[in-house]
Amino acid sequence: VRSWHINGERLLDDLNHLSSFGARPEGGIDRPAFSPACSEASRWLADRMREAGLGARIDAAGNVIGRLGPDDGSAILIGSHIDTVPGGGPLDGSLGVIAGLECLRSLAESGANLDRAVEVIAFSDEEGAYLSMLGSRAMTGTLTEAELNAAHGRKGDRLADAMATAGFDITKLHQAERTRQSMSNYLELHIEQGPVLESRGLDVGIVDSIIGIDVSEYVLHGQARHAGTTPMGERRDAGRAAAEAIVHAFDDLDLRAVPEARITFGDVEIKPGASNVVPGQARILSEIRAIRIQDMRQIRNGVDSAFDSAAARHTVRLEKRSLSGDVPSAMAPDMIELIGQICIDLDHKFMVMPSGASHDASNFASLVPSGMIFVASRGGVSHHPDEYSEPKSLVTGTNVLFETVRRLLARSNGGNL
Ligand SMILES: [Zn+2]
């Protein structure tokens, strides 16, 4: 079986160069969306695309897009992101974008005559400095006015202002939306960000589903009273109700035995927040992740009823509110099969696995046949300066991506590629 190859050295050089934008002296990268470092990286990327002979543009959402092949008609999209979390690593998102660039560059050099376009896209604000997956959601038209108005950064600065500072106009964001007809497939290469591939000694992971994430807020209103003079039986202790609800929510999850499901209560606030005052209020954020929508609903019901009954037991009033909900999304069986066949042909050891992290791919999965390729992360570490994958793995993943693009193109080029 004939396969094409990308230029590994060039891939690694570009990844290295990209990691200099927003690099902190103490290690790690600060490159949140719409920051000067991210804008500088976007302009550098657009320049690299032009040098490679691609048509390059930055759209109304800040997505950086490079295109090879016909100007009209549908395109195979290769996407990921170049923004980072605070103190992030050099590969999360960046690998997928630079790999996409390298694929298009190698394709351009091959001189192949394409009757279908291929695009590489760096999506804006995947990490949610203002609004998680802003760029891919803008492109697929799922953003609401209310979300855009409410979106703000960690310091309270509004998305609209951050965009304006970076030279974008939030009122024009809708211009980034694309028609279903302008895309034929979506592909994304990403580091696994977990320990599975490394621990099993595998080269490649083929994602079959991307986990859904539900974030909800629970506020318990009790009565703040003197901690010494108020008998235990006469308290309306919001803190105690919260503690019980959390324990019961975990117990409920354990009973369900859904191995890929997760519940995290990572943000708990007790008020007034003094050791000698019975808590009058507790605010808890719950985050639920699951790869099947029915699991998601059942686990959410379990958390809801844990809070309902704890609130009833301690005579506190409960307010619950959904803050965000991304439903789980499935990659196309046809794409899983195609990538699996490529791994067999290229002699790479692989497994089919779910993704516990969310990715831009989840926004395209319901629109076009989508596929995701994982490579091993050392120690499963990500969102951290120590994020690392073997250079060999990065090259392998990019070659699998390249071969996937080639075989998809060959289908419409009458096998002539
Ligand atoms: Zn990412």
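Counting from 1, the numbers follow the sequence of the chain as shown. Both counts, for ligands and for their atoms, begin at 1 and track the order of listing.
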Report task. Would you please indicate yes or no on a ring centroid separation below 6.0 angstrom for Phe364 and Phe123? Result -> yes
Query raised in the report: Would you call Glu244 and Arg313 a salt bridge, using N to O less than 4.0 angstrom?
Result: yes
Report summary line: In terms of heavy-atom contacts, Glu126 and Ser358 come closest through OE2-O, 3.4 Å
Query - Number of protein N, O or S atoms [distance to the Zn ion (ligand 1) under 2.8 Å] - result: 3
Query raised in the report: Would the number of heavy atoms belonging to other residues, nucleotides or ligands and lying under 6.0 Å from CD of Glu26 be above 12?
Result: yes
Query raised in the report: Taking NZ, NE, NH1 and NH2 as the nitrogens, is one of them in Asp14 or Arg105 under 4.0 Å from a carboxylate oxygen of the other?
Result: yes
Requested in this report: Classify the angle between the aromatic ring planes of Phe307 and Tyr218 as parallel (below 30°), tilted (30 to 60°) or perpendicular (above 60°).
Outcome: parallel
